Peer 1: 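Mind looking over this structure? Questions follow.
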Amino acid sequence: MADPKGFMNTPREEWARRPVEERVRDWDEVYVPGALLPIISKQADRCMDCGIPFCHDACPLGNLIPEWNDLVSREDWRAASDRLHATNNFPEFTGRLCPAPCEAGCVLAINQPAVTIKNVECAIADRAWEEGFTVARPPERLSGKAVAVIGSGPTGLAAAQQLTRAGHTVAVFEKDDRIGGLMRYGIPEFKMEKRHLERRIEQMRAEGTKFRPSTVVGRDVPAADLRTRYDAVVIATGATAWRELPVPGRELKGIHQAMEYLPLANRVQEGDLEASPLSAAGRDVVIIGGGDTGADCLGTALREGAATVTQLDIYAQPGAGRDEDTEPWPTYPKIYRLSAAHEEARDLCSAPAADADARLFAASTLRFGGDDSGHVTSLRVVDVDERRVPVPGTERTLPVDLVLLALGFSGPDQGDGLIEQLGLALDPRGTIARDDGFATNVPGVFAAGDAARGQSLIVWAIAEGRAVAAAVDLYLTGSSRLPAPVSPRDRPMRV
């Protein structure tokens, strides 16, 4: 490590966000442009180069974090980029979108603020693009084998890039009109500008990967035909079957799933629409669900000019620090976190009836009320205890004319016919069943990412994409030199 006393002499400093009043008037990323590089070398100095770096275990990609921290502290950006890309195909995605379980596993985090691993990662990735270190890596020779990858989210893209570089001819099939999956239409522009996605897609095209957007496998292309035309098939369609809220009044107009709402806002930014037909402008909005998708809806509604926005979270408000008895280091703790969207809601006082950052914690929806035209006008909410049992005397009514359901996802969507046509077996959770080598019950068909693992983080998606690529390469050639960072049975570190 470059500075043995870095963690003692340098306090943690994160990438500064732009002022709230400024950033909610546009859709640009929330961070101050150019503010990361001046601080990042000193932040990398805080890494202690531990004898047993638990940040490796906390990250499913196995990122070589102490190594590239040391290189950044010495400002050797090319070598840092090489070490970072050795384990992660898309570090500019994870550096912006991952909740950083690696930082929870940082040894420094036992009694001090962790190293800003996520910011260092993002700085390396961005600098690599600026300096021209990130280039296309087409294979030296082709294997003569062809692979179809269904789905172009982080799992599908990672698998496709690895297999292309191994010499296989790869085609990526995507149901939407643009490549990227939920990174394209689910992640708002203010969290990750789509230019980062576009340049990776162009890199992959230059390497030889083929893309087939606007193609629903199972409907536009029969799944059996795809299986016949390709030597192997990778299913990486994600977990897009959203969870419902079966309460009285759910049938009222004005109640929508988050993934009905967010893609329309993203299409406005793509130039497809002048305005979203589900715009929150001037409306009283309630978001049901306390996760990242709910926060994305919150930030989007604020930028669209909502009159009020309230977010319901069924869990109690967590504490500010780790509970060592229930969530000991190095597990990822459930603590109070203030996302950019919640910071905006707090400063703008977007939810008069809620807590300071727009969230109503330990709150559950009882029913919706509507007007004579069948449109939602109210939401009846009640406080709940730790067992989610309603607390007597806490019922109250919130005015609302737009409700967004952000309750997570249960597994892959089965409406396109893909699973049925291939005859794929499902596990009890409704996800695609697979063996220890990512293979399904259908020979030559593999499954990875949220479609098989269930809803998870972007780092797990990329890790599964890399691992399934190694499995497919082994299946096609009898051996593989591709890395396999995770197995289908691996799980995040938790108690």
Side-chain angles (χ1 to χ4, degrees), residues 60 97 99 148-159 172-176 180-187 215-219 223 226-227 233-246 250 256-263 288-294 296-297 314 404-442 445-465 467-468 471 486-492 494:
L97 304 178
V149 175
I150 307 173
S152 68
T155 299
L157 292 181
V172 178
F173 292 81
E174 169 56 49
K175 62 183 177 62
D176 287 322
L182 287 183
M183 291 190 297
R184 170 74 67 181
Y185 291 127
I187 299 297
T215 305
V216 180
V217 178
R219 188 177 65 202
L226 207 67
R227 179 66 189 93
V233 175
V234 175
I235 300 174
T237 53
T240 56
W242 52 57
R243 292 192 176 96
E244 262 298 345
L245 183 65
R250 171 61 182 91
H256 301 275
Q257 289 283 348
M259 285 305 155
E260 295 174 312
Y261 171 72
L262 290 173
I288 302 177
D292 288 342
T293 302
D296 293 346
C297 291
I314 201 168
L404 302 174
L405 305 180
L407 301 171
F409 306 90
S410 59
D413 184 4
Q414 300 186 42
D416 54 20
L418 170 64
I419 291 175
E420 181 182 0
Q421 290 177 23
L422 286 177
L424 295 173
L426 302 179
D427 63 22
R429 301 175 302 156
T431 53
I432 299 172
R434 55 189 180 169
D435 64 16
D436 290 342
F438 294 89
T440 70
N441 61 303
V442 180
V445 178
F446 299 78
D450 290 4
R453 173 172 290 274
Q455 184 179 351
S456 190
L457 304 178
I458 186 172
V459 279
W460 280 96
I462 296 173
E464 288 235 344
V468 76
V486 294
S487 79
R489 311 298 172 227
D490 287 338
R491 292 294 180 266
R494 53 171 65 103

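Note that the structure is predicted; figures quoted are calculated from it, not measured. When reading the values below, keep in mind they use all heavy atoms of this one structure, side chains included, and skip hydrogens, waters and symmetry mates.
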Peer 1: Go through it in stages, so that I can follow the logic: the residues are Leu404 and Leu262, the test is side chain to side chain contact (heavy atoms under 4.5 Å, CB included), and I'd like the CA-CA distance, side-chain angles, deciding distance and then a yes or no.
Peer 2: CA-CA 10 Å; Leu404 302 174; Leu262 290 173; over 6 Å; no
Peer 1: If you look at every heavy atom in Ile432 and Pro412, which pair is closest and at what distance?
Peer 2: CG1-CG, 4.2 Å
Peer 1: Which value, rounded to the nearest 0.5 Å, describes the distance between Thr240 atom OG1 and Asp416 atom CG?
Peer 2: 8.0 Å
Peer 1: Can a side-chain donor-acceptor contact be found between Arg489 and Ser487 if the only test is distance below 3.5 angstrom?
Peer 2: no
Peer 1: Rounded at 0.5 Å granularity, tell me how far CD1 in Ile235 sits from CG in Leu418.
Peer 2: 4.5 Å
Peer 1: For the residue pair Pro492 and Trp460, what are the closest heavy atoms and their distance?
Peer 2: N-CZ2, 3.4 Å
Peer 1: Can you confirm whether Gln421 sits close enough to Val217 that some side-chain heavy atom of one is under 4.5 Å from a side-chain heavy atom of the other?
Peer 2: no
Peer 1: Evaluate whether atom CG of Asp176 has more than 12 neighbouring non-hydrogen atoms of other residues, nucleotides or ligands under 6.0 angstrom away.
Peer 2: yes
Peer 1: Tell me the closest heavy-atom pair linking Val486 and Pro60, and the distance in Å.
Peer 2: CG1-O, 3.5 Å
Peer 1: Identify the heavy atoms of Gln455 and Phe409 that sit nearest to each other, and give their distance.
Peer 2: OE1-N, 2.9 Å
Peer 1: With rounding to the nearest 0.5 angstrom, report the CD1 to CD1 distance, Ile458 to Ile187.
Peer 2: 7.0 Å
Peer 1: Can you tell me if Glu420 has over 12 outside heavy atoms packed within less than 6.0 Å of its CD?
Peer 2: no
Peer 1: Quick one, Thr431 with Arg453, criterion side chain to side chain contact (heavy atoms under 4.5 Å, CB included). Give me CA distance, side-chain angles, the key distance, then yes/no.
Peer 2: CA-CA 7 Å; Thr431 53; Arg453 173 172 290 274; over 6 Å; no
Peer 1: For the CD atom of Glu464 and the OG atom of Ser456, what is their distance to the nearest 0.5 Å?
Peer 2: 7.5 Å
